[in-house]
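Working notes, structure below.
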Amino acid sequence: MDKTYNPQNIESDIYKKWDDQGYFKPSGQGQSYSIVIPPPNVTGSLHMGHAFQQTIMDALIRYKRMDGYNTLWQVGTDHAGIATQMVVERQLEAQNLSRKDLGRDKFIDKIWDWKNHSGGTITGQMRRLGNSVDWQRERFTMDKGLSDAVMEVFVTLYEQDLIYRGKRLVNWDPKFHTAISDLEVENKDKKGHLWHLRYPLEEGVTTLDGKDYIVVATTRPETMLGDTGIAVNPNDERYQHLIGKHVVLPLVNRRIPILADDHADMEKGTGCVKITPAHDFNDYEVGKRHQLPMVSVLDANAQILATAEVYTFTGEPSDAYSGELPSEYAGMDRFVARKAIVAQFEAMGMLDKIADNDMTIPYGDRSGVVIEPMLTDQWYVRVAPLAEVATKAVEDGEIKFVPKQYENMYFSWMRDIQDWCISRQLWWGHRIPAWYDQSGKVYVGRDEAEVRQKHGLGEDVKLSQDDDVLDTWFSSALWTFSTMGWPEQTDDLKTFHPTDVLVTGFDIIFFWVARMIMMTMHFLKDENGKPQVPFKTVYVTGLIRDENGDKMSKSKGNVIDPLDMIDGIDLETLLNKRTGNMMQPKIAEGIKKRTAKEFPDGIEPHGTDALRFTLTALASTGRDINWDMKRLEGYRNFCNKLWNASRYVLMNTEEQDCGLGGGELELSLADKWILGQFEQTVKAFRDAMDNYRFDMAAQTIYEFTWNQFCDWYLELTKPVLFKGNEAQQRGTRHTLVNVLESLLRLMHPLMPFITETIWQRVAPLKGVKGDSIMVQPFPQFDQNKVDGDAMSDLEWVKQFILAVRNIRGEMDIAPSKPLSVLLRNVGETDLRRLQENKTFLSGLAKLEQIDVLTDDQSAPMSATGLVGEMEVLIPMAGLIDKDAELARIQKALDKVTGDLQRVAGKLSNEKFVSKAPEAVIAKERDKQAELESAKAKLEKQKADIESL
RNA sequence: GGAAGUAUAGCUCAGUUGGGAGAGCAUCGCCCUUACAAGGCGAGGGUCACUGGUUCGAGCCCAGUUACUUCCACCA
């Protein structure tokens, strides 16, 4: 083995071997355990968040697989409608082409090309992370099977009247020319203005103060072209007499009513609100209440129409108004029109005033442009009935969220859930299975033939399919069961559904988790006809942020590619990667600066195992993670530590008698101790994993490996291996191999590559046959292997050694300098432990002589340490400075005195003694006795030295 | 406006029925001791955000305050 851990050398071939051997497939044996991966965007690449979640999933799956479960980790990718279409459109743009130039079919072909070309990126990354997913079951949301499932669900919901089509006000994205759901809208706080506009009253009507106009306040003057009413509060005395009267809408000369509605707030603006049902969600509701016509004045680009479209309040075309608009605004962008219209009002002397206004503006989360409420025909899922069942499942504990507080978030959203707009005016996605005849009548079916047959439509009836596609999340909502072959009743569904745990980020609880629960429970039933949940537990991870706690994003240039953590990257390549496609050179410059400052020498390779271990160790519940390179380095060092510890074990065991041949085995105290320690580690690790406390699982392993196994046990084996007799050596070699082999199995779920590599060499020494660690049994806790006496005896040995080391350290005595020690106040147990462990003591504390003082023997002037009641004396002559030792004693004395004061204070408090539990009081008494004894000894030592 | 989360060592964070304030990194001292300098040994460092309450006892429970973060809603 190399002297230094070198991850590149070991990771490359291992994954392929595992996959080739079929170890990732379900074993077909044992209780089933399944996880579906949240499907990443097929054309995307993995970021740290993916690596984080997938590491957790893989750790769980490997743990359960080794523990005898029939495990399935279902893998696949998502077609990610908008995101993917956007990328390909941008490529076309570079060639001065638009998707319309290509036409629908050709454009979709192009996307498939791109998918086939770039689709391997993400799966390649997943392989590098060591994910033990079953690649043979890999699915894509637009596969035939999954598309059939989508179709089936759509048609069924339509037949159940849970899907409907209607002209509603939707969030329109003027850049992508599509409707988006409420969830895809991102609200941002902006400074804006409130324009006060004068609307003339109809003839013969005046305000209370005699004006022939009223003033409305609006943040969106350009939509006034679509006003169909003015609302005032029914209790507003200023305007009572105007209710039922009309104003004449400036610029378009439309006569529109003044009406009473609670929506109008007397405190806000002027108390008069213009109502534009076709371009504002509140106004839409007001319009419906008062049956106002809706006048749509914007086109798909959010530019002013030449002629407005007029609808009744139910969305039917209407001739209530002419639709005629001032020609000068036609084709004008909404924001340009805003200025123009304000200017026009001003010119007419009808602009009352402009006030500053803090407001929240809706943006498309993908496009980044301001969303426009628009009247369009869209498809909706009526979610209320589905939500009811889905809410109950969480209330009843059928589905548990970890951490639990996310259940509140889920409930609050589900409680007033809005119908889900599922149609998108995109080309990339599942086309809506609806056809229209020439009169516009809609028919829904699995395909055109079915529609014709079902509705008796002959060949003479021309049908055209709906142009729209479904929201990406519609197909992802079916993921747990569509990937397992539904609507067929497959064995996989029987075996692996419901899945056990879903590992995902809180940001998609509404987008995905909630909708999965709704859809799955509606379509899947268990053998008793009871709705089946998609998963029993939702483990919600935090977000991985950059070192400053900022969200990682391409535009900020702080994204970290997990592969760069694994393989390393030089600065120049990293800079190019982060700024490669930047449009704005200014931003790129800033990113370059920050990146160069953060990684002046690029990034060193750390290996997959170090990355995985870091992510695991950081996975404490309900908290975002600020990425810290230092942590990664630390855990890379941990890998190196394990590597070198293993080298030590192999050096001392390979080609030597480890007891396989059956010779006599004598276990040392250290052997017994480490075996017991290991058992306790197994218990702690399993508990942590079973409770999704991955941070604690990692911590447990780290602590055992470094602080127990390496720092103590390996050192304790040296005296035996170098000086022990044959049976002792055999016993220790046996234990070394035994513990290391078991430890590797324990660590494997977190660090698959390094453990496999080392295991291949260690397993034969233990007589274990098997091709791979990943299909070996997972360690089980066995209380019988914990030897209580050995644990306390070795604790004494450690205390002894620490006492000597402390004096060495504080007195700057070189570790290489052999020392003689005297022991005073040696009890019976001390004496036994001393006799049994002299080699350990002299070996680890580097002692050349240990003598026990009898009561009548006096000691030379010494530095002293305490091991319980026993005193360890190191004669000072020629070694130790008097003042230094006095200072050291004083420090110890101060600490003991302080502790003692606290304990004594407690015990002298009558209330404590009378009210605290017996056990607590006893513990304090013991502590007091110990401290008093220690204090007395320290004081005597101090006096002795002072008297010198 | 409603709700949730967070606040502990210089930094990043653990601390699960209330009874010893901890880890890693960083810092300081000594050491190339035959697994490991990506190391070993030793040491220093905290008014647990603030105020009050419950309790014999509070980092932990309760009430309030402040700061930061997030989600939802509203915004003429």
* Structure fact -> From NZ of A/Lys906 across to C1' of B/rC56 the rounded distance in Å is 9 Å
* Are A/Arg515 and A/Trp420 in a cation-pi setup, meaning NZ or CZ lies under 6.0 angstrom from the ring centre and within 45 degrees of the ring axis? -> yes
* To do: With heavy atoms under 4.0 Å as the rule, sort A/Tyr635 into base, sugar-phosphate or nothing.
  => nothing
* To do: Counting heavy atoms from C-beta on, name the nucleotide in B/rC71, B/rC41, B/rC56 closest to the side chain of A/Asp711.
  => B/rC41
* **Rounded distance (Å) that lies between atom C1' of B/rU70 and atom NZ of A/Lys188** => 16 Å
* Asked: Looking at A/Ser620, does any N or O in its side chain come under 4.0 Å of the phosphate oxygens OP1/OP2 on B/rA14?
  -> yes
* To do: Could you tell me whether A/Arg198 and A/Asp352 make a salt bridge, using a distance below 4.0 angstrom between a side-chain N and a carboxylate O?
  => yes
* To do: Can you tell me, in whole Å, how much space there is between the P of B/rA58 and that of B/rC48?
  => 12 Å
* **Same-atom distance (C1') from B/rC60 to B/rU8, integer angstrom** => 12 Å
* **A/Lys683 bridged to A/Asp687 by N-O distance under 4.0 Å** => yes
* Please state whether the phosphate of B/rG40, meaning OP1 or OP2, lies under 4.0 angstrom from any side-chain nitrogen or oxygen of A/Trp712. => no
* To do: Among the candidates B/rG20, B/rA4, B/rG39, find the nucleotide nearest to the side-chain atoms of A/Gln405.
  => B/rA4
* A/Arg693 side chain: which of B/rU16, B/rA38, B/rG20 is closest? -> B/rU16
* Asked: Reckon A/Lys274 touches a base, only the sugar-phosphate, or nothing at all at heavy-atom distances under 4.0 Å?
  -> nothing
* **Atom-to-atom span, CD of A/Glu810 to C1' of B/rC28 - whole angstrom** => 12 Å
* For A/Ala617 and A/Cys710, take the nucleotide of RNA chain B holding the closest heavy atom to each; which residue's nucleotide lies nearer the 5' end? -> A/Ala617
* Asked: Do the side-chain N or O atoms of A/Asn637 get closer than 4.0 angstrom to the phosphate oxygens (OP1, OP2) of B/rG39?
  -> yes
* Thinking salt bridges, do A/Lys927 and A/Glu930 make one under a 4.0 Å N-O criterion? -> no
* Using a cut-off of 4.0 Å on non-hydrogen atoms, how would the nucleic acid contact of A/Glu633 be classed: base, sugar-phosphate, or nothing? -> nothing
* Quick one: A/Asp189 CG to B/rU70 P, roughly how many Å, whole number? -> 11 Å
* **Ion pair A/Lys400/A/Glu407, N-O distance below 4.0 Å** => no
* To do: Check the distance between B/rA26's P and A/Leu632's CG and give it to me in whole angstrom.
  => 14 Å
* Would you find a donor on one side and an acceptor on the other, under 3.5 Å apart, between the side chain of A/Asn644 and the backbone of A/Arg647? -> no
* Compare side-chain N and O positions of A/Lys3 against OP1 and OP2 of B/rC36 and report whether any pair is under 4.0 Å apart. => yes
* Gap in Å between the two P atoms, one belonging to B/rC62 and one to B/rG5, rounded -> 11 Å
* Asked: Is the backbone N or O of A/Asp2 less than 3.5 Å from a side-chain atom of A/Trp643, with the two atoms forming a donor-acceptor pair by type?
  -> yes
* From B/rC71, B/rU12, B/rA38, nucleotide with atom closest to A/Arg631 side chain -> B/rU12
* For the side chain of A/Phe912, starting at C-beta, report the closest nucleotide among B/rG15, B/rC56, B/rG40. => B/rC56
* Could you give the CZ-to-C1' distance, from A/Arg415 to B/rA73, as a whole number of Å? -> 14 Å
* To do: Take atom C1' in B/rC28 and the same atom in B/rA67, then report the distance between them in whole Å.
  => 34 Å
* Asked: Should A/Asp261 and A/Arg289 count as an ion pair when the cut-off is N to O under 4.0 Å?
  -> yes
* Asked: Where the side chain of A/Met651 is concerned, which of B/rC36, B/rU12, B/rA35 is the nearest nucleotide?
  -> B/rA35
* Using the P atom on both, measure B/rU55 against B/rC50 and round to a whole Å. => 23 Å
* To do: Sticking with atom P, work out how far B/rC61 lies from B/rU16, rounded to a whole angstrom.
  => 9 Å
* **Within the 6.0 Å centroid threshold, strictly below: A/Tyr213 and A/Tyr199** => no
* Asked: Between atom CG in A/Asp624 and atom P in B/rA7, what is the gap in whole Å?
  -> 13 Å
* Structure fact -> Which of B/rG19, B/rU33, B/rA38 is nearest the side chain of A/Arg636? It is B/rA38
* Asked: Any side-chain N or O of A/Arg623 under 4.0 Å from OP1/OP2 of B/rA7?
  -> yes
* State whether the side chain of A/Asp283 and the backbone N or O of A/Pro277 hold a donor-acceptor pair below 3.5 Å, judged by distance alone. => no
* Consider the side chain of A/Phe510, meaning its heavy atoms from C-beta on, and name the nucleotide among B/rG39, B/rC72, B/rG42 that approaches it most closely. => B/rC72
* Choose from B/rA21, B/rA35, B/rG42 the nucleotide whose nearest atom is closest to any side-chain atom of A/Arg902. => B/rA21
* **Selection from B/rA35, B/rU16, B/rC30 that lies nearest to any side-chain heavy atom of A/Lys718** => B/rA35
* To do: Take atom P in B/rA21 and the same atom in B/rC25, then report the distance between them in whole Å.
  => 24 Å
* Starting at the 5' end of RNA chain B, what dot-bracket string do you get if Watson-Crick and G-U pairs under 3.5 Å are bracketed, crossing pairs use [ ], other-strand pairs use | and unpaired bases use dots? -> (((((((..((((.....[..)))).(((((.......))))).....(((((..]....))))))))))))....
* **Sugar-phosphate, base or nothing in reach of A/Thr219, heavy atoms under 4.0 Å** => sugar-phosphate
* Report the distance from atom OH of A/Tyr713 to atom P of B/rC36, rounded to the nearest whole Å. => 19 Å
* Using a 4.0 Å heavy-atom cut-off across all strands, classify A/Val216 as base, sugar-phosphate, or nothing. => nothing
* Structure fact -> The residue, A/Lys891 or A/Pro815, whose nearest nucleotide of RNA chain B is more 5′ is A/Pro815
* To do: Taking atom P in both B/rA43 and B/rG24, compute the distance separating them and give it to the nearest angstrom.
  => 13 Å
